[in-house]
Amino acid sequence: MSVQAYAPHEAGPFHRRCLTAAAALGWTIASDLCDLDANESFGLETVNVVDGVRWNTAFAYLDPIRAGGYLRILDRTLVDRVETTDTGVLVHSVVDGRPTVVGADTVILSAGVYGTPAILQRSGIGEPNRLRAVGVEPVVELPLVGANLHDHPMIGAGRDLVDSLAREIEAEAARGFVPEEQTLGKARSSLATDGIFDLHLFPVCASTQTTLTDGRALVEVACMTPRSRGSVEIVSPDPTAPPVIDHRYLSDETDHDLTVLRDGLEMAEELLAQPALADVLVAESPRDRSADAIRRDVQHYYHPVGTAMMANDRADGVCDAVGRVRGAESIVVADVSLMPQIPRANTNIPAVVIGERIASFMV
């Protein structure tokens, strides 16, 4: 994958003003937010875009080998469960409505932070009492399957656009794509005692090409060091029955996550109040930063992880250091379910790194 940052001349009308506002607040303007030394900083985002197209793993990894004769893709397939045998693993699936079983020496499970634990639980791998309660016979006792679910909790502050900025964005959009997200800031809350950023602040503003922001400019705030933990639990052996997904956002006993978000909202309001932005946004009162309001409006940051976490000891996790499910080593997990703790970053590139790393162990 090609990873590069937006160039300054590529910044859209709103995000050019965000850079000016951040500099006025004393933020270091970083040329590369991925620089390990760019701790507290603000800048243009890094993107995996090639010739104007955002790449994904299918483009980067599947397309080059599609014609090689050793890749077979089964679409319209629902994986039910995996069954370990004396000779390998059987994958029980439903393909176009027909039950299908595929055998292999090793199965790499990459169904995501919600799908992977659900498949393991339907396979009898999990906490025995919970499995029996939903009609699944336990096979391997691993109580932490589906536990440790966490994400970066997020909330935002916003303003309506004045007509001049709206027209400017629409005029630029008529000439080409105007990204709604282009800039991001890394900041420290009052609880960042280790000296490292624990907040993302990222402005969002869309043209009428998208309904993403309903005509408002937003500064979204995300806690990058969440302590709250939730779970994923199946309710039935039926693979079409959705599991119960409970993130339990802002549930940590010390209110760490809530406090970090409150501090971030204050920073977001300061950014919106800078003349570079205030002059093109409709004035309104700062949003309610009470605990009740934050709990009511908290959102996800699209970064769930942790539900089949790796650990040094079976009592502390689900998988070993190379992704093998403990007690069922012919099943290997290769997705962000493995993460014991979420990184202070978006999880798309770490997910790719996990895939590459697990693949290297299979050679």
Side-chain angles (χ1 to χ4, degrees), residues 3-8 10-47 151-159 165 178-206 212-213 216-226 257-281 286-287 289 294 297-303 342-349:
V3 178
Q4 57 190 1
Y6 286 110
E10 295 176 307
F14 172 67
H15 292 282
R16 285 197 296 270
R17 290 176 169 86
C18 290
L19 290 165
T20 300
L25 280 173
W27 240 323
T28 297
I29 303 302
S31 59
D32 181 4
L33 289 169
C34 293
D35 184 345
L36 292 178
D37 293 325
N39 186 19
E40 291 178 276
S41 58
F42 192 95
L44 288 160
E45 291 181 332
T46 300
V47 290
D151 183 10
H152 299 128
M154 185 179 79
I155 197 165
R159 303 283 189 276
L165 177 58
V178 178
E180 57 265 14
E181 294 182 38
Q182 270 193 309
T183 53
L184 181 143
K186 299 185 294 186
R188 288 190 299 164
S189 75
S190 60
L191 299 183
T193 56
D194 59 3
I196 304 174
F197 74 92
D198 60 352
L199 277 163
H200 271 184
L201 283 81
F202 58 102
V204 183
C205 186
L212 181 67
T213 59
R216 284 172 67 81
L218 306 176
V219 178
E220 302 284 11
V221 175
C223 168
M224 306 306 288
T225 55
D257 301 355
L258 188 149
T259 302
V260 173
L261 288 183
R262 182 186 284 123
D263 288 355
L265 279 175
E266 184 174 350
M267 297 175 194
E269 295 287 0
E270 290 174 350
L271 188 69
L272 290 166
Q274 292 304 302
L277 290 175
D279 289 350
V280 292
L281 300 176
R287 68 159 296 148
R289 297 198 292 273
I294 294 173
D297 296 334
V298 67
Q299 304 173 61
H300 63 87
Y301 194 10
Y302 307 92
H303 301 155
I342 196 167
R344 303 184 200 204
N346 293 20
T347 51
N348 55 336
I349 297 302

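Since we're looking at a predicted model, the values are computed, not measured. The basis for the numbers below is simple: all heavy atoms, side chains too, and nothing from hydrogens, waters or symmetry mates.
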Specify the closest pair of heavy atoms between [X] and [Y], including all atoms of both residues, with the distance to one decimal.
X	Y	value
H300	D151	CB-OD2, 3.2 Å
L218	E220	CD1-OE2, 3.5 Å
A217	L281	CB-CD2, 3.7 Å
L165	P13	CD1-CB, 4.2 Å
L199	R188	CD1-C, 4.3 Å
L44	A11	CD2-CB, 3.9 Å

**Message:** Name the residue from T183, V219, L271 that meets the side-chain contact (heavy atoms from CB on, under 4.5 Å) definition with L201.
**Reply:**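 By the side-chain contact (heavy atoms from CB on, under 4.5 Å) criterion, L201 pairs with just one of T183, V219, L271: V219.
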Measuring from atom [atom1] of [X] to atom [atom2] of [Y], what distance do you get when rounded to the nearest 0.5 angstrom?
X	Y	atom1	atom2	value
L25	Q274	CG	CD	4.0 Å
L261	D198	CG	CG	10.0 Å
M224	N346	CE	CG	6.0 Å

**Message:** Donor-acceptor pair, distance only, cut-off 3.5 Å: does the side chain of R159 make one with the backbone of A278?
**Reply:** no
**Request:** Compute whether any side-chain donor of one residue and acceptor of the other, for T347 and H303, lie under 3.5 angstrom apart.
**Result:**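 No, H303 and T347 have no side-chain donor paired with an acceptor closer than 3.5 Å.
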**Request:** Step through it carefully: locate the ring centre of F202, locate the ring centre of H200, and say whether they are under 6.0 Å apart.
**Result:** no
